[in-house]
Amino acid sequence: MQITDIRIRVVSNESKMKAVASVTFDNAFVVHDIKVIEGEKGLFIAMPSKKTPGNEYRDIAHPINGEMRNLLQNAIVERFKEALDELPDEN
């Protein structure tokens with residue numbers, strides 16, 4: 001499976017959530033609402049989730065191994081940094 005498109009929507013400079021991504025695989029399947037979060041150790045992704053009746057959050061789509069998580073996270077973070085460079089200067 002190949003990542004064929006990543007679309008980034010930059011949302012805030014002032015909160016920990018920096019952007020939301022949509023990732024397309026093999027030009028055939030898309031996952032929306034992957035969050036780009038600024039953590040203590042740098043940027044990471046949070047998969048789309050829903051709140052359970054017990055007030056817990058459960059991922060509704062996620063990688064099933066570390067290799068895929070790293071590939072996905074690296075690709076999204078790289079595209080996020082490119083998106084920041086594409087933003088117009090606010091001077």
Side-chain angles (χ1 to χ4, degrees):
M1 183 178 340
Q2 299 293 316
I3 296 171
T4 52
D5 189 34
I6 300 174
R7 298 186 185 220
I8 297 286
R9 182 171 43 99
V10 178
V11 294
S12 177
N13 260 345
E14 298 172 17
S15 72
K16 290 184 182 223
M17 186 170 77
K18 301 300 181 185
V20 177
S22 293
V23 180
T24 304
F25 298 91
D26 293 337
N27 289 316
F29 185 80
V30 67
V31 177
H32 296 290
D33 296 332
I34 300 172
K35 297 164 202 67
V36 178
I37 308 289
E38 179 73 49
E40 292 179 12
K41 297 180 183 178
L43 296 169
F44 67 94
I45 61 171
M47 299 305 293
S49 60
K50 68 177 183 176
K51 196 172 190 177
T52 68
N55 288 329
E56 296 177 329
Y57 286 90
R58 292 190 46 97
D59 289 349
I60 56 175
H62 59 87
I64 59 171
N65 62 48
E67 180 181 355
M68 184 61 187
R69 174 169 279 285
N70 288 336
L71 184 139
L72 190 58
Q73 181 164 288
N74 291 341
I76 291 171
V77 168
E78 180 179 321
R79 181 63 190 101
F80 168 69
K81 290 176 180 177
E82 291 170 1
L84 288 179
D85 290 341
E86 295 166 1
L87 290 175
D89 289 334
E90 295 184 15
N91 293 336

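Everything numeric in this text was worked out from a predicted model, so none of it was measured.
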Using the side-chain contact (heavy atoms from CB on, under 4.5 Å) rule, take F25 and I3 through it: C-alpha gap first, then chi angles, then the decisive distance, then the call. CA-CA 5 Å; F25 298 91; I3 296 171; 3.7 Å; yes
Without swapping roles, check the side chain of N65 against the backbone of E67 for a donor-acceptor pair under 3.5 Å. yes
Do M1 and V31 share a hydrophobic cluster (ILVMFWY, side-chain heavy atoms under 4.5 Å, transitive)? yes
D33 side, atom CG; M47 side, atom CE - distance, nearest 0.5 Å: 10.5 Å
In this structure, would V77 and L87 fall into the same cluster of hydrophobic residues linked by side-chain contacts under 4.5 Å? yes
From CA spacing to verdict: side-chain contact (heavy atoms from CB on, under 4.5 Å), V30, R7: CA-CA 10 Å; V30 67; R7 298 186 185 220; over 6 Å; no
Exam field: side chain D59 to backbone S49, donor-acceptor pair closer than 3.5 Å: no
Linking I/L/V/M/F/W/Y whenever any side-chain heavy atoms sit under 4.5 Å apart, do M17 and Y57 land together? no
Check the hydrophobic clustering (I, L, V, M, F, W, Y; side-chain heavy atoms under 4.5 Å; chains of links allowed) and say if V36 and I60 are grouped together. no
Would I76 and I8 count as a side-chain contact (heavy atoms from CB on, under 4.5 Å) here? Give the steps. CA-CA 8 Å; I76 291 171; I8 297 286; 4.2 Å; yes
After noting the C-alpha distance and the side-chain angles of K18 and I37, does the key distance pass the side-chain contact (heavy atoms from CB on, under 4.5 Å) rule? CA-CA 6 Å; K18 301 300 181 185; I37 308 289; over 6 Å; no
Cluster check M68, I34: I/L/V/M/F/W/Y, side chain < 4.5 angstrom: yes
Nearest-0.5 Å distance that lies between atom CD in Q2 and atom CG in L71: 8.0 Å
To the nearest 0.5 Å, atom NZ of K35 lies from atom CZ of F44 at 10.5 Å
Salt-bridge test for R79 and E86: reply yes if a basic N is under 4.0 Å from a carboxylate O, no otherwise. yes
Between Q73 (side chain) and I45 (backbone), is there a donor-acceptor pair under 3.5 Å? yes
